[in-house]
Amino acid sequence: MYRINTNDFNLDHTLSCGQVFRWEKNDCWTGIVNGAIIRAKQEGAELIIDSSLDEKVIQDYFRLDDDMEKIYTSINRDEKIAPLLWKYRGLRLIRQDPWECLVSYICSKANNIPKIKNSIKHICECFGNEIETGYYTFPSPDVLAEVKPNEMKQQCRVGFRAPDILNIADMIVNHEFDLYGIKDLSYREGRKELMKIKGVGSKIADCVLLFAFDKLESFPVDTHIMQIMNRFYGENFKGPKSKKKEEIAEFAREYFGKYCGYAQEYLFLEDFG
DNA sequence: CTCCAGGCTTACG
DNA sequence: CGTAAGCATGGA
C-alpha cells in the first residue's frame, strides 16, 4: 500500500469515461494490469494504491507524467470545449495493453457498453488465468489462437465478432502480424497496418493507436463523437455521409492539434456521460 | 414484437 | 463513386 501525489488527476473520470472496460468500483476501484491486481482510491490529490505492481507501473498506466497544463492549453481552442476541460478536469488517457485494447474494441462493434464489458469478462473467465478468487488475466494471443469460433461465440457471447478475434490472435502467434511493432511506427503508418486486420477499420485502429500506442494525435470518431462534433462544429463538414467520419477526424486533428486525442476524450464523455 | 447499440465488409445502383 | 443490408446478442 502506497500513496502517489498527483495533480490534475481524477480517478473516477479516468476509469468511468468508457476507455477501459474491466475496472469495477466498490469501496475502491479494482482492476487488473500486467497480470496483477490494482486496488486504487483517491483522497484529494493523493492516489492510494494497493498492488504488487510498483509505483512506476502505475505512473505509466495512468499517464501521470503527462503535462496536463500544457495539454489543456493546447486543446483549449474555443468556448465550446473550454467548459468541458473544467467539468471533467483530471480525466487522463490510460496507457493500455495493445492486445487487450484491440480485442476490446473489436468487441465494441455495433454494441453497447454493458455488453462489451460482459463479453470481455467472459473472455477472461473462460480463457484467462485466475490470479485471485474472481479475478482473471486477459488471455494472450497464444491461448485464443487455439479456441474454436463456436466455442468463443457460445461461451463469450461475442456473436459475429468471434472469427475476427480468433483470426488476429492466430496471425500474431504465427508472426504474420507484428502488433507490438506498431509502437515504433508513425500514427499514419500504424493506422494503415492496423486496418489490414480483418474486421478492423478506421475507428478501432484509432482507438488502439490512442489508448495503447501513445498516438495522441489520433481522434477516433464513433457515433457519440459524430453527435457532439456535428453539434459543435457541424458547419465545417460538407461531404457525403459516408465520408463524414473521416472528414471529422481530419478536421479535429488540424483544429485541436497534436493532443487532439485528449480533446476526443472530453468531448466523448460530454455526449456519453 | 421491433429497434438499436463505441463498426466493418460486402453487395448492389 | 455512393448508400444499405447483414452480421449476433440482449435490453428497452
Side-chain angles (χ1 to χ4, degrees), chain A residues 13-23 84 88 91 93-94 96-126 144 147-169 171 177 191-213 215 218-232 237-249 252 260-273:
Chain A
H13 286 153
T14 299
L15 291 178
S16 53
C17 72
Q19 59 179 325
V20 283
F21 303 99
R22 291 231 284 155
W23 284 84
L84 305 187
Y88 305 118
L91 165 59
L93 285 165
I94 281 175
Q96 303 185 32
D97 171 72
W99 169 243
E100 178 171 343
C101 184
L102 175 61
V103 174
S104 298
Y105 282 91
I106 289 176
C107 289
S108 78
K109 286 197 291 185
N111 215 341
N112 53 43
I113 297 275
K115 273 188 77 228
I116 298 166
K117 286 183 174 172
N118 209 258
S119 293
I120 296 168
K121 188 175 173 172
H122 282 306
I123 290 173
C124 295
E125 288 176 0
C126 289
L144 292 190
V147 177
K148 299 280 171 289
N150 275 340
E151 193 184 351
M152 162 149 290
K153 199 192 272 190
Q154 286 160 18
Q155 296 185 37
C156 305
R157 322 305 296 159
V158 293
F160 63 88
R161 307 160 192 88
D164 290 339
I165 296 169
L166 303 183
N167 173 59
I168 183 58
M171 286 183 72
F177 192 88
R191 194 177 203 237
K192 201 182 298 178
E193 278 306 301
L194 285 166
M195 287 176 69
K196 288 179 184 168
I197 301 170
K198 196 165 171 48
V200 173
S202 57
K203 191 270 173 176
I204 296 178
D206 278 338
C207 284
V208 176
L209 289 163
L210 178 61
F211 299 136
F213 287 122
K215 309 301 183 200
S218 175
F219 192 91
V221 178
D222 54 38
T223 52
H224 294 286
I225 291 294
M226 275 273 270
Q227 285 291 327
I228 195 155
M229 289 298 283
N230 274 326
R231 190 144 58 85
F232 280 7
F237 324 124
K238 299 292 183 201
K241 200 170 160 190
S242 56
K243 285 190 175 170
K244 192 137 288 187
K245 284 189 167 186
E246 204 59 38
E247 209 179 330
I248 290 172
C260 68
Y262 260 105
Q264 194 266 5
E265 282 305 284
Y266 285 77
L267 291 162
F268 178 82
L269 190 51
E270 178 65 2
D271 188 80
F272 168 77

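Only a predicted model underlies this, so the values are computations on that prediction, with no experimental measurement involved. All values below were derived from every heavy atom in this structure, side-chain atoms included, with hydrogens, water molecules and symmetry-related copies excluded.
Atom pair Ile225(A):CD1 and dG7(B):P shows a separation of 11 Å (rounding to whole Å applied). In this structure, CG of Asp222(A) is placed 14 Å from C1' of dC8(B), rounded to the nearest angstrom. To the nearest angstrom, P of dT9(C) lies 8 Å from CD of Gln154(A). Rounded to an integer number of Å, the gap from Asn112(A) CG to dG7(B) P is 10 Å. One can place CD1 of Ile165(A) at 12 Å from P of dT9(C), the figure rounded to the nearest angstrom. At whole-Å resolution of the value, NZ in Lys203(A) and C1' in dT9(B) are 17 Å apart. Atom CG of Leu102(A) and atom P of dG7(B) are 16 Å apart (whole Å). Separating the CD1 atom of Ile204(A) from the C1' atom of dT9(B) is a distance of 12 Å, rounded to the nearest angstrom.
Comparing Val200(A) and Gln264(A), the nucleotide of DNA chain B nearest to each residue sits closer to the 5' end for Gln264(A). If you find the closest nucleotide of DNA chain B to Met195(A) and to Phe272(A), the one lying nearer the 5' end belongs to Phe272(A).
Counting any heavy atom pair closer than 4.0 Å across all strands shown, Ile106(A) reaches no nucleic acid atom. Using a 4.0 Å heavy-atom criterion, one finds that Gln227(A) contacts no nucleic acid atom at all. Across all strands, Phe268(A) comes closer than 4.0 Å to base atoms (heavy-atom distances). At the heavy-atom level, Ser202(A) lies under 4.0 Å from the strands shown only through sugar-phosphate atoms. As judged by a 4.0 angstrom heavy-atom cut-off over every strand, Phe21(A) is placed among the base-contacting residues. Contact annotation for Ser242(A): base contact, defined as any heavy-atom pair under 4.0 Å involving a base atom. Gln19(A) comes within contact range of at least one nucleobase, with a heavy-atom separation under 4.0 Å.
Taking atom P in both dA8(C) and dT10(B), the straight-line distance is 14 Å, to the nearest Å. Using atom P as the reference point in both dA5(C) and dT2(B), the two lie 16 Å apart (nearest Å). Comparing dC3(B) with dA4(C), their P atoms sit 16 Å apart, to the nearest whole Å.
The stretch residues 155-164 of chain A touches DNA chain C through Arg157(A), Gly159(A), Phe160(A), Arg161(A), each having a heavy atom under 4.0 angstrom from the strand.
Checked by atom type and distance alone, the side chain of Lys245(A) never pairs as donor or acceptor with a backbone atom of Lys203(A) at under 3.5 Å. Distance alone, capped at 3.5 Å, places no donor-acceptor pair between the Ser218(A) side chain and the Gly261(A) backbone. Listed for the Tyr266(A) side chain is a donor-acceptor partner under 3.5 Å among the backbone atoms of Leu91(A). Proximity of a side-chain donor or acceptor of Gln96(A) to a complementary backbone N or O of Cys101(A) within less than 3.5 Å is not detected.
Residues Glu270(A) and Tyr88(A) have side chains that bring a donor and an acceptor to within less than 3.5 angstrom of each other.
In this structure, Lys243(A) reaches the dG2(C) phosphate: one of its side-chain N or O atoms is under 4.0 Å from OP1 or OP2. Taking 4.0 angstrom as the limit, Lys198(A) places a side-chain polar atom (N or O) nearer than this to OP1 or OP2 of dT10(B). Remark: Lys115(A) is not in phosphate contact with dG11(C), judged by side-chain N or O atoms under 4.0 Å from OP1 or OP2.
Residues in residues 114-125 of chain A take part in these side-chain hydrogen bond (donor to acceptor under 3.5 Å, both in side chains) pairs, two or more places apart or across chains: Asn111(A)-Lys115(A), Asn118(A)-His122(A).
With contacts defined as side-chain heavy-atom distances shorter than 4.5 Å, the pair Lys198(A)/Ile168(A) does not qualify.
Between Lys244(A) and Glu247(A) no salt bridge is recorded (no basic side-chain N to carboxylate O distance below 4.0 Å).
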